[in-house]
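Chain A is the first sequence line, chain B the second, and so forth, proteins listed ahead of strands; every chain is numbered from 1. This is a predicted model, so every value here is computed, not measured.
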There are 2 protein chains.
Amino acid sequence: MRVRLEDVARATGVSPKTVSRVLNEEASVKESTRQRVLAAMESMNYRPSPAARGLAGSRSFLVALLYNNNDNPASTYLAEVQDGVLDACDAHRYSMMACPLRTRGQDFIRRVDALVSDHQIDGVIVTPPLTDYAPLLQRLQEHGVPHASISPVQHKGAIGVCMDEQHAAKALVDHLVELGHRRIAHIVGIANHGASRWRLAGYKEALAAAGIEFDPSYVAQGEFTFGSGVIAARQLFELPQPPTAIFASNDDMAAGVMWAANERGLKLPRDLSVCGFDDTPLATQLWPSLTTVRQPSREMGKLAALQLMERLRGRGPGLLVQVPYALQLRESTAAAP
Amino acid sequence: MRVRLEDVARATGVSPKTVSRVLNEEASVKESTRQRVLAAMESMNYRPSPAARGLAGSRSFLVALLYNNNDNPASTYLAEVQDGVLDACDAHRYSMMACPLRTRGQDFIRRVDALVSDHQIDGVIVTPPLTDYAPLLQRLQEHGVPHASISPVQHKGAIGVCMDEQHAAKALVDHLVELGHRRIAHIVGIANHGASRWRLAGYKEALAAAGIEFDPSYVAQGEFTFGSGVIAARQLFELPQPPTAIFASNDDMAAGVMWAANERGLKLPRDLSVCGFDDTPLATQLWPSLTTVRQPSREMGKLAALQLMERLRGRGPGLLVQVPYALQLRESTAAAP
DNA sequence: GTGCAAGATGACAGCGCTGTCATATCTGCC
DNA sequence: GGCAGATATGACAGCGCTGTCATCTTGCAC
């Protein structure tokens, strides 16, 4: 019925163990044997049973993608990351399980335990803001399960992928400065997210570089959602000297700013320049289209998974790779009024 | 190290096989024995090994979520469906694997085969437009793998979940008619999607009910994307008698219509009413906010998964359940000019 | 009581692999 | 040519469960 390792062994005239060695890319197999075995595997369309491998050995060839399910980052972001991870898994014959985690309560500990001990997960990919959630990372360490991080705050010792968000944010604000803006406001995201910190830091850096004094009243608190963008913008509009440009920490909030601007009768981008961050599909669906920073989420998912598997296969410790960002200058930013 | 079935058996004073029976909810176990075993499992925190179960038995307790990866429906939609499915799986101790499928070429056959024979998937959940992709369904049948469908065109014999989209679309157009619109245009989605057909049918039904003659020139072709909405709208605006209302087959295209309207200097909703379908987050992020139909995607994912598991556990054949829709009347629709 | 079907439980092999350890084969070098 | 030390391969048990079939209890009719 099913082609087994033993069948391949018989066809090649070697022992099952040798076929197993080839399958697992172990070193001590003569090249000629290896080729014969591989050929047989191919021609017989042999596909190893993950269940048997998991049961007999110590590896499951399973990785888990962990994401936060209450403080949800945009689902488009996660979907892209997930697709990237699946891509990488496919290429290396790993399988992926998606695992939403609620960090409230102790639920998540049980879930992580269940994952690791039930399925003997080989490794984990952690997405923000879980990336820096200490109890989770600690638990993973206790289980001895390696993890790759996407955009971790703490770079030291981390493997995975990151982007120079601070630099990107600075470039974006530089652009506003070049357009002649001086009263530039910023809407920060949820406080303990790395993204919020980096983008704020980039904003400050750009101001400093342009010789504009930092004014805390131009910084409004948001929480990465459309609605919070609306509220923050309304606040900024009430200032005695309202900003001529607003840099929102992500696209959703930027959309909220645009909504609030429309509500107030401001004409974009003539009366107000707006920019966001992430380059979600939303950015090109707004009117005017949104100036933002492209974050290659899919690519990042893929790279993180690759680093994890590099590590799992013992081909090295795995790295924290950096991906380039790309400014997307569109119609929502224009010369200061 | 790990608590095994055998340990539970020893603690309870029964044979491993009996514990296995309890685990699998088989009938012929005396109630008192069952309780003792369950208590022992609980107190010892026993967690069965999926690998061993899969290897020894015929079930893997794994379901796959299949989705299309080239003709992608909105990722927010998929993300919601996936979360719903995960919810249901969690509740019934099943695990889920996400499987993007490219329907181009023969790749997908290999992928499906791999899934089914590698992981011995117990069942599959199919999302549109895969729901009616004949080669896929046939292959699943050949493998003897049951599947649940989300919004299948072919209701007969299907299990899963659906919504009365035609009725919803009719209700939406009824609303436009009540606002006094007579020149109502429709932008259809990708041709062979059930969603496109139903929504078009509802549009026609509403026109007929209002005594408005159907005019094919008021129907433009789109493909569910923002860009196609822009193009279709531009086309409609060029008509000698441009429409006063446009019903786009989904929210993304409706956003495109709004973009095109802005581009043309039309003031919404004064000069043009626009409505969409799906109630994606986008709908409330546009300005003016979009009148649309809420589709409870998350709930639908959950229900489909529940029906599938019902079937897998042999508790019945599984049903095709229908979920209610909800009109979301917002600011993008107003009285006809 | 006895006999017999149905109900409840157990013994045992084996699912398809890998870990461990033993064995065979090949190097190079004196 | 022979021997140490690598290099390459194989034998075998066992991972944690479930399927099959056998066995042991029951309950119940006669």
Side-chain angles (χ1 to χ4, degrees), chain A residues 1-38 40-41 44-62 93 95 117-120 122 312-314, chain B residues 1-38 40-41 44-62 93 95 114 116-120 122 312-314:
Chain A
M1 157 187 155
R2 164 177 201 126
V3 182
R4 290 156 310 151
L5 187 141
E6 192 193 335
D7 302 325
V8 177
R10 196 153 27 215
T12 326
V14 298
S15 77
K17 181 67 218 189
T18 298
V19 178
S20 167
R21 288 196 175 95
V22 173
L23 188 62
N24 292 293
E25 303 179 12
E26 287 174 31
S28 65
V29 178
K30 213 201 302 180
E31 184 56 25
S32 62
T33 320
R34 217 176 73 83
Q35 290 304 337
R36 274 190 305 138
V37 171
L38 284 175
M41 280 180 173
M44 302 173 77
N45 191 28
Y46 168 69
R47 341 202 79 261
S49 150
R53 295 228 268 179
L55 184 57
S58 48
R59 291 176 305 170
S60 62
F61 298 91
L62 257 182
R93 293 176 158 267
S95 296
S117 59
D118 284 12
H119 293 282
Q120 298 184 191
D122 285 345
L312 293 180
R313 312 177 126 207
Chain B
M1 154 188 160
R2 163 177 202 125
V3 182
R4 290 156 310 150
L5 186 140
E6 191 192 336
D7 303 325
V8 177
R10 196 151 29 216
T12 326
V14 297
S15 76
K17 180 67 217 189
T18 298
V19 178
S20 166
R21 288 195 176 95
V22 173
L23 189 61
N24 292 292
E25 303 180 11
E26 286 175 31
S28 64
V29 178
K30 215 200 303 181
E31 184 55 26
S32 61
T33 319
R34 217 177 74 83
Q35 291 304 338
R36 274 190 305 140
V37 171
L38 284 175
M41 281 180 173
M44 302 174 78
N45 190 27
Y46 168 69
R47 341 202 81 260
S49 149
R53 294 229 270 179
L55 184 57
S58 48
R59 291 176 306 171
S60 62
F61 297 90
L62 255 183
R93 293 177 158 266
S95 296
V116 173
S117 59
D118 284 13
H119 293 282
Q120 297 184 190
D122 286 344
L312 293 180
R313 311 176 127 209

Counting N and O atoms only, with roles assigned by atom type, does the side chain of [X] sit under 3.5 Å from a partner on the main chain of [Y], one being a donor and the other an acceptor?
X      : Y       : answer
S60(A) : Q120(A) : yes
R36(A) : G13(A)  : no
S20(A) : P16(A)  : no

Grab the [atom1]-[atom2] distance between [X] and [N] for me, whole Å please.
X       : N       : atom1 : atom2 : value
M41(B)  : dG16(D) : CE    : P     : 15 Å
R4(B)   : dG14(D) : CZ    : P     : 12 Å
Q120(B) : dC15(C) : CD    : C1'   : 9 Å
K30(A)  : dC26(C) : NZ    : P     : 7 Å
M44(A)  : dG16(C) : CE    : P     : 13 Å
E31(A)  : dT7(D)  : CD    : C1'   : 14 Å
E6(A)   : dG10(D) : CD    : P     : 13 Å
R2(A)   : dG14(C) : CZ    : C1'   : 15 Å

| message | What residues from residues 45-62 of chain B pass a heavy-atom cutoff of under 4.0 Å to DNA chain C? | response | L55(B), A56(B)

| message | R10(A): which residues meet the salt bridge (charged side-chain N to carboxylate O under 4.0 Å, His left out) condition with it, sequence neighbours left out? | response | E6(A), D7(A)

| field | salt bridge (charged side-chain N to carboxylate O under 4.0 Å, His left out) partners of E26(A), counting only residues at least two apart | value | R21(A)

Measuring from [X]:[atom1] to [Y]:[atom2], what's the distance to the nearest 0.5 Å?
X       : Y       : atom1 : atom2 : result
L62(B)  : L312(B) : CG    : CG    : 11.0 Å
R34(A)  : T18(A)  : CZ    : OG1   : 13.0 Å
S117(A) : H119(A) : OG    : NE2   : 9.0 Å
M44(A)  : R4(A)   : CE    : CZ    : 9.5 Å

| request: Kindly state which residues belonging to residues 15-24 of chain A come within less than 4.0 angstrom of DNA chain D, counting heavy atoms of the residue only, listed by number. | output: S15(A), K17(A), T18(A), R21(A)

| field | Heavy atoms from other residues, nucleotides or ligands near CZ of R93(A) exceed 12 (cutoff 6.0 Å) | value | no

| said: Listing request: all salt bridge (charged side-chain N to carboxylate O under 4.0 Å, His left out) pairs with a residue in residues 45-61 of chain A, at least two apart in sequence or in separate chains. | reply: R47(A)-D118(B)

| note | Double-helix bend of the helix from dG1(C)-dC30(D) to dC30(C)-dG1(D), axes at both ends from 5 pairs, round to 10°, gives 40°

| Hey, does the side chain of S28(B) come within less than 4.0 Å of dT9(C)'s phosphate (OP1/OP2), counting only N and O? | no

